[in-house]
Visitor: 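Take a look at this one; I'll ask things after.
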Amino acid sequence: MADEAVAERAAEPASHDPQKPQGSRSPEAPPRGGERGGDRGDEQAQGEAEAHDGPEAGDDEAAERAKERERAADRIKDLTRDPLAEEDGEDGPTDLAAAARARRAGRKLLTSGRDFTSFDRSRIGHAHIGDINVSLDARRSGVAMRGGPVPEEELRRLRRAHVEPAGYVRLRRALESRRLLVLGGAPGTGRTCTALALLDEVTRDGAGDGGRVRRFDPHQGEGVRGLVGEVNGREGGEGGEGGERRGTGYLLELALDRPGTLPPDEMDLDQLASTLAEGDAYAVVVVSVGSAANPLLAGRYGMVCPPAPSRELVTVRLRERLEEARDHEALERAARIAEDPEVIEAVGLDDLRPAEAELLASLLAEHLLGSLTREELLAGCRGIAAVQAHEWFAGVDRALAAAPSSGDGRTPVRSATAALFHPVAFRIALAVLGGGSHSAVSAAAHLLTWELSVQSDPDSTPSRPLFCDDPKSDRALSRARSDDGAIDVAGAEVTGQLIFYRGSALPAAVLAEIWDRHFPVRAPVVRWLRLLADDPRPQVSVRAAVAAGELSVRDFEYGFGELVRPLAEASSARRRVFAATALDQVAGHASHRKAVRKVVDDWSRYGTASLRWTAAMTLGHGRAADSVDAALDALARIGVRDQGRQLAVASLNVVRLLTLPEGATVLRRLGQWAEHRREEYQDLALVTIVRLATTGVDEVLDDEPGTPLGDRGDWPLLLALAVTRPELTGTLADLLWTALNTARSRDVAFDALEALLRSASRGERGERGEGSERGEDREGREGGDRMRPGLAALLPALTSDEHDRQQLEWLLRRMMRDQDRPLTTEQASALWRLAVPVRQRRSDEEESHG
């Protein structure tokens, strides 16, 4: 058969086609196949019935058989639809690829080997490891700090160890010219040390005996107004005391995030600056970045304090420690250890704050001096993120317990509760949804803020200002960063702003902190996660499911009872997928794998329809059964029960198992099902084969790009397996042949084969007409060219005899006559050459001429 024979005959009417395959009654009906895995002699049985019962009885029985075959074909077609779209209608869209990507991202975010790491607060919180005793609590500043002079010894140590942040000179010049500086920064970033360093520099020639740098306790007065009185009192003291206080520097730390606390207005700041100028004094007011501090930082006295560079911080602290030990040659060795990938991974923070740098330097120094083993060093490094999480959440609502009374003296007043909880909620949302869009994290944080506020004060309706959010402050207070990246929207990728923690250790540390140390917060978090389970965006619902699995690992009894089991029985497919994803995440931990497998096995045998559906989705991940054979047994049990009511979801998860190394086992079982005497097993095999041909790699793959399958995410799974697993090609072709030559699956199987052929011909010249040279068309051509090896491996095995080639010829002719997307002559010829090797084509031509 010549290469262009298909194209030449396609232009002729079907009724006048001399080469039309025998048994093909119209261009819409493919040639009938033999009995190999197919109809089991349906037409032969029909003829015998007609001969036995006479013409009329034969006609009636034939009509009934035709109706039965039509019903069976419709059933197979229904079963090959997406089982996850059932709640949105039969054609409701679901994005399995986006869900798979979200699941991989969530697992990568939370799988850091530290989920079972427990930290003793009394030991790690103050970094008491060996002879190291370094306080890490950022909460020691602000309202917890007592007023009074700063000792000269502390100032000398500060001068020796302080690392100037970027823009330090600009901060000093602003303080010198204005006398007053409002310095904003996140707690723990070294803002207080920078403020003291600035005051130390500008007051070098100032007061002496009474302390030239003084802390002002905000409890002594009304914040800035109290400081004005303090300065006036110092300067107007009896006996000329004011003269001795000239040149004093004052440090005031304001806690504006406490309920009922109002920031000072510009007039108060102007009055303080004037008072300071009269007394030749200086003051730095330290505030936390946030919506309450934004007006202050945007005013004439406000400036943001950038964090000090981590590398320099560690180097300075190391030099201090090793100089004390008189080991001057160890600094270079310590620097090499600090750059060790295992140490960096254990720390899990992109940048270190001053106290954290001091702790890391102490750990490295003690390790070099032999006081700590490497295991103890790594354990101490892992504790740094845990301490940060503890500081974020410990005592957040302590101020609410001592709320002021209302006018009647009986009803407590809790103002700004939502504003108090929003930073906390944002950190939790970022731990769950990190790597997703900033808008998704912010929306989830507001939902959680409501739940936390209601849980804390059920008698009051939480209120929150609508125009006070500040993304920059949210990132600063949560050690987060943003970056542009791809976001899945309605099955397409668009560029948007993504948000991440500045460190891989923080998500797991945050979840461990809230779940293990703050039991009352579990109830609102569970309600919040259930809300996220209903979100139609996979980047939200699937990531939340992964986080729910990690939380369940920490307390399986609670997580299973409150999150997994209720959602596994839900009527919504989306909620059941959430439960299945969470269960699989639990199964990823060896300590809980046996329990998960017992649960899934029980559900597959004795569970309700919803539980069996959830069990099937869990089995598809490959970790909820003792082996692939056991998973296939359970999926078959689910699929054939109740006349195949859940055959669709079972077939989907059989396909997902094909991405595992045991793919040959799955194909062998499909062959056995196809030859089974029960029709339900045959249908399970046929539906799975068709679904395999219509499923993309990125819809079912767990691997990251870089693996043979992962690099072919845009390929149909059938073609990708044929290329990456050539030993499976023959079996894949045999199974597809079975579906193509079985009456009830023939139509959907040919549609699936057509989709495969079009995937490799996509973007060829003529596919899009005049616009074929546009960038997107060139991209499509490249994609089609990449997939051609898959068809080159599969089609020759699928068209091994003349009858198979006739079926392919019929399909190509049908595609060429498609009114919406006609296949060109060039495309059809190229596909024919892929299917029929040169040697075979020559043999066919010789037979036709002979």
Side-chain angles (χ1 to χ4, degrees), residues 135 137-150 154-155 158 162-168 170-176 178-203 211-228 230-231 248-258 261-266 268-269 272-273 276 281-308 353-355 391-392 423 470 472-473 476-477 479:
S135 178
D137 288 333
R139 293 175 290 108
R140 67 185 183 275
S141 61
V143 296
M145 191 67 64
R146 296 178 62 87
V150 178
E154 182 176 341
L155 293 176
L158 180 66
H162 181 252
V163 176
E164 296 180 358
Y168 178 82
R170 186 167 58 91
L171 297 176
R172 188 189 64 207
R173 289 174 179 172
L175 178 60
E176 289 174 339
R178 301 170 191 166
R179 297 285 177 171
L180 173 63
L181 178 65
V182 178
L183 191 63
T189 55
R191 58 186 186 173
T192 302
C193 291
T194 299
L196 289 173
L198 290 169
L199 293 172
D200 177 53
E201 281 200 50
V202 298
T203 61
R212 57 189 178 86
V213 178
R214 303 181 65 87
R215 291 188 177 95
F216 178 71
D217 186 352
H219 290 299
Q220 294 179 0
E222 299 178 359
V224 170
R225 294 180 181 179
L227 182 56
V228 170
E230 172 80 4
V231 175
T248 302
Y250 296 92
L251 172 64
L252 169 62
E253 299 186 62
L254 293 179
L256 301 180
D257 55 349
R258 298 170 64 87
T261 302
L262 296 177
D265 55 34
E266 198 75 8
D268 292 331
L269 297 177
L272 175 59
L276 292 169
Y282 302 87
V284 177
V285 179
V286 174
V287 296
S288 292
V289 292
S291 57
N294 284 344
L296 295 177
L297 297 178
R300 68 174 64 91
Y301 303 105
M303 298 187 74
V304 175
C305 179
R353 296 180 172 181
E391 293 175 1
W392 274 342
D470 181 5
K472 185 175 181 180
S473 298
L477 292 173
R479 301 185 73 161

Visitor: Are Leu254 and Ser288 close enough that some pair of their side-chain heavy atoms sits under 4.5 Å apart?
Guide: no
Visitor: Which residues pass the side chain to side chain donor-acceptor pair (under 3.5 Å) test with Asp265, not counting sequence neighbours?
Guide: none
Visitor: Check salt bridge (charged side-chain N to carboxylate O under 4.0 Å, His left out) between Glu154 and all other residues, then give those that pass, not counting sequence neighbours.
Guide: Arg215
Visitor: Which distance, rounded to the nearest 0.5 Å, do you find between the CG of Leu181 and the OG1 of Thr194?
Guide: 10.5 Å
Visitor: Name the residue from Val213, Leu183, Val150, Val286 that meets the side chain to side chain contact (heavy atoms under 4.5 Å, CB included) definition with Leu251.
Guide: Val286
Visitor: For Arg479, check side chain to side chain donor-acceptor pair (under 3.5 Å) against everything at least two apart and list the hits.
Guide: Glu356, Gln388
Visitor: I'd like to check the side chain to side chain donor-acceptor pair (under 3.5 Å) partners of Glu176; sequence neighbours left out, ordered by chain and number.
Guide: none
Visitor: How long is the straight-line distance from OH of Tyr168 back to CG of Leu198, given to the nearest 0.5 Å?
Guide: 4.0 Å
Visitor: Might you point out which heavy atoms bring Pro264 and Leu296 nearest each other, and give the distance in Å?
Guide: O-CD2, 3.2 Å
Visitor: side-chain contact (heavy atoms from CB on, under 4.5 Å) for Thr248 and Val231? Distances and angles first, verdict last.
Guide: CA-CA 9 Å; Thr248 302; Val231 175; over 6 Å; no
Visitor: If every non-hydrogen atom of Leu272 is compared with every non-hydrogen atom of Leu180, which pair is closest and at what distance?
Guide: CD2-CD1, 3.8 Å
Visitor: Apply ring-ring contact (aromatic ring centres under 6.0 Å, His included) to Tyr301 and list each qualifying residue two or more places apart in sequence or on a separate chain.
Guide: none
Visitor: Quick one: list whatever passes side chain to side chain donor-acceptor pair (under 3.5 Å) with Arg179, sequence neighbours left out.
Guide: Asp280, Tyr282
Visitor: Let me confirm one number: the CG-CG distance from Leu155 to Asp200, rounded to the nearest 0.5 Å.
Guide: 5.0 Å
Visitor: Measure across Gly188 and Pro354 and return the closest heavy-atom pair with its distance rounded to 0.1 Å.
Guide: O-CD, 3.3 Å
Visitor: Got a second to check how far Cys193's SG is from Glu164's CD, nearest 0.5 Å?
Guide: 13.0 Å
Visitor: Nearest 0.5 Å, please: how far is OG1 in Thr203 from CZ in Arg214?
Guide: 12.0 Å
Visitor: For the side chain of Arg191 and the backbone of Val287, is there at least one donor-acceptor N/O pair under 3.5 Å apart?
Guide: yes
Visitor: Minimum heavy-atom separation for Arg353 to Ala186, with atom names?
Guide: NH2-CB, 4.0 Å
Visitor: Which atom pair, heavy atoms only, marks the closest approach of Tyr250 to Ala281?
Guide: CE1-CB, 4.1 Å
Visitor: What distance separates Leu227 CG from Asp268 CG, expressed to the nearest 0.5 Å?
Guide: 11.0 Å
Visitor: Restricting to non-hydrogen atoms, name the atom on Ala166 and the atom on Pro306 that form the minimum distance, rounded to 0.1 Å.
Guide: O-CG, 2.7 Å
Visitor: Does the Arg178 side chain pair with the main chain of Arg300, one donor and one acceptor, at a distance under 3.5 Å?
Guide: yes
